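Per chain, numbering begins at 1; letters A, B, ... match sequence-line order. Fair warning: this is a prediction, and the values are worked out from it, not measured in the lab.
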Protein chains: 2
Amino acid sequence: MDADRLLDETAALLRARGERMTGPRRAVLLALARNPGHHAPDDVARLVADLDATVHRSSVYRCLEALRSLGVVQHVHVGHGATVYHLTDTEAVHAQCRHCGALFTLPASVLDAAGSALRDEHGFALDATHVALSGTCADCLNA
Amino acid sequence: MDADRLLDETAALLRARGERMTGPRRAVLLALARNPGHHAPDDVARLVADLDATVHRSSVYRCLEALRSLGVVQHVHVGHGATVYHLTDTEAVHAQCRHCGALFTLPASVLDAAGSALRDEHGFALDATHVALSGTCADCLNA
DNA sequence: ATCTTTGCAAACTTTTTGCACCAAT
DNA sequence: ATTGGTGCAAAAAGTTTGCAAAGAT
């Protein structure tokens with residue numbers, strides 16, 4: 001299991017900043033590592049509660065933000081105000097279906113052309129991972 | 001001023017659905033027509049209050065949703081959960097700077113390639129207007 | 001020992017809802 | 001006269017904060 005490596009490496013990153021590896025942070029990392037996918041803060045809180053019921057919901061928010069600022073987790077804004085978190089992984093683009101809410105993970109290459117156009121024509125450096133594209137998925141199109 | 005035409009056409013659309021043109025809806029439309037740009041519901045409420053202080057905030061939410069469902073206004077999700085509204089206009093893509101928060105309106109063509117790739121390779125019909133892309137604007141890159 | 005992080009409770013922001021009354025058709 | 005919409009107040013949902021106690025280094 002390389003969740004151990006994740007914990008070790010994160011601890012090192014934290015210490016390098018004068019911050020600390022704590023029980024709640026470990027629990028948040030483990031919850032995310034064991035449950036691949038995208039989780040709203042409240043979902044993370046539930047997953048964390050299975051590991052350590054004493055971790056408070058507000059600590060989950062603070063841990064997620066601390067780990068995001070460290071670069072170990074990322075959040076994605078999906079439509080309608082929800083924010084979901086996941087461990088930082090290979091750059092991936094997300095797309096959400098407006099109708100059924102399904103969230104798809106796509107290769108970053110789908111936004112390569114857009115990224116180039118934005119950079120060259122507008123001087124804008126696209127962060128393709130930070131918001132989910134919106135549209136209608138194949139299933140809903142055929143329904 | 002073609003705000004009058006907007007009101008008339010919207011009234012016709014509403015009646016065609018068995019719905020009604022009301023004072024609050026008129027005020028929301030006027031507020032958006034007179035203040036181009038992107039406004040959070042609370043901003044709209046403030047603008048509406050200048051026109052008619054008796055319009056309740058909850059009515060602003062309901063009017064925005066009614067007008068959105070009618071197609072007369074659109075909303076865009078910008079980073080961090082905020083939702084902003086504007087009158088439906090020519091299809092445009094939005095991009096927000098993560099650092100300064102500035103919101104840019106871009107030609108839809110920047111996402112043409114992405115739209116084709118999503119449709120052809122993933123069967124996903126991209127709605128380019130519904131979420132704002134995220135990244136870093138030219139000013140912040142040079143700062 | 002020091003300084004960060006946590007648990008807790010409470011505040012806050014934003015949005016939604018039930019309901020009686022009002023108003024557009 | 002219908003029936004859809006509004007104002008209001010209250011609730012719901014999601015997130016943040018102040019502070020004293022606990023914990024990591």
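Here the shortest heavy-atom pairing between B/Ala95 and A/Phe124 reads CB-CZ, 3.8 Å. Taking all atoms of both residues into account, the shortest heavy-atom contact from A/Leu32 to A/Tyr85 is CD2-O, 4.2 Å. The shortest non-hydrogen separation linking B/Gly71 to B/Thr88 is O-OG1, 2.8 Å. Shortest non-hydrogen contact noted between B/Leu141 and A/Ala125 is CD1-CB, 3.9 Å.
Looking only at side-chain heavy atoms (C-beta outward), B/Gln74 and B/Arg68 stay at 4.5 Å or farther from each other.
Of the residues in residues 55-66 of chain A, those placing a heavy atom less than 4.0 Å from an atom of DNA chain D are A/Ser58, A/Tyr61, A/Arg62, in numerical order. DNA chain D lies under 4.0 Å from at least one heavy atom of each of the following residues of residues 6-25 of chain B: B/Gly18, B/Glu19, B/Arg20, B/Thr22, B/Pro24, B/Arg25. Contacts with DNA chain C (heavy atom under 4.0 Å) in residues 37-47 of chain B: B/Pro41, listed by number.
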Mind listing the side-chain donor-acceptor pairs of residues 105-114 of chain B below 3.5 Å, one per line with the distance, residues two or more places apart or on another chain?
none

Contacts under 3.5 angstrom, residues 8-31 of chain A side chains, donor-acceptor by atom type, not counting sequence neighbours:
| residue | atom | partner | partner atom | Å |
| --- | --- | --- | --- | --- |
| A/Thr10 | OG1 | A/Leu6 | O | 2.7 |
| A/Arg17 | NH1 | A/Ser69 | OG | 3.0 |
| A/Arg17 | NH2 | A/Ser69 | O | 2.8 |
| A/Thr22 | OG1 | A/Arg25 | N | 3.4 |
| A/Arg25 | NH1 | A/Arg20 | O | 2.8 |

Distance-only donor-acceptor pairs under 3.5 Å for side chains of residues 37-49 of chain A, two or more places apart:
| residue | atom | partner | partner atom | Å |
| --- | --- | --- | --- | --- |
| A/His38 | NE2 | A/His94 | NE2 | 2.8 |
| A/His39 | NE2 | A/Asn35 | O | 2.6 |
| A/Asp42 | OD1 | A/Arg57 | NE | 3.0 |
| A/Asp42 | OD2 | A/Arg46 | NH1 | 3.2 |
| A/Asp43 | OD1 | A/Arg46 | NH2 | 3.0 |
| A/Asp43 | OD2 | A/Ala40 | N | 3.2 |

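Residues forming a salt bridge (Lys or Arg N to Asp or Glu O under 4.0 Å) with B/Arg98 (at least two apart in sequence, or on another chain): A/Asp127. For B/Asp139, the side-chain contact (heavy atoms from CB on, under 4.5 Å) criterion is met by B/Cys137, not counting sequence neighbours.
Put simply, B/Tyr61 and B/Val72 are part of two different groups of oily side chains (I, L, V, M, F, W, Y) that touch within less than 4.5 Å, one to the next.
Proximity of a side-chain donor or acceptor of B/His56 to a complementary backbone N or O of B/Ser58 within less than 3.5 Å is detected.
The other residues sharing a hydrophobic cluster with A/Val78 are A/Val76, A/Val84, A/Leu103, where clustering joins ILVMFWY side chains under 4.5 Å apart. Listed by chain and number, the hydrophobic cluster partners of B/Val131 come to none, as no ILVMFWY side chain reaches under 4.5 Å of it.
Read 5' to 3', the first and last nucleotides of DNA chain C with an atom closer than 4.0 Å to a heavy atom of chain B are C/dT14 to C/dT25.
In the model, A/His130 has a side-chain atom that pairs as donor or acceptor with a side-chain atom of A/His75 under 3.5 Å.
End-to-end axis angle of the helix from C/dA1-D/dT25 to C/dT25-D/dA1, using five pairs per end and rounding to 10°, comes to 40°.
Rounding to whole angstrom units, CG of residue B/Asp52 and C1' of D/dT6 are separated by 11 Å.
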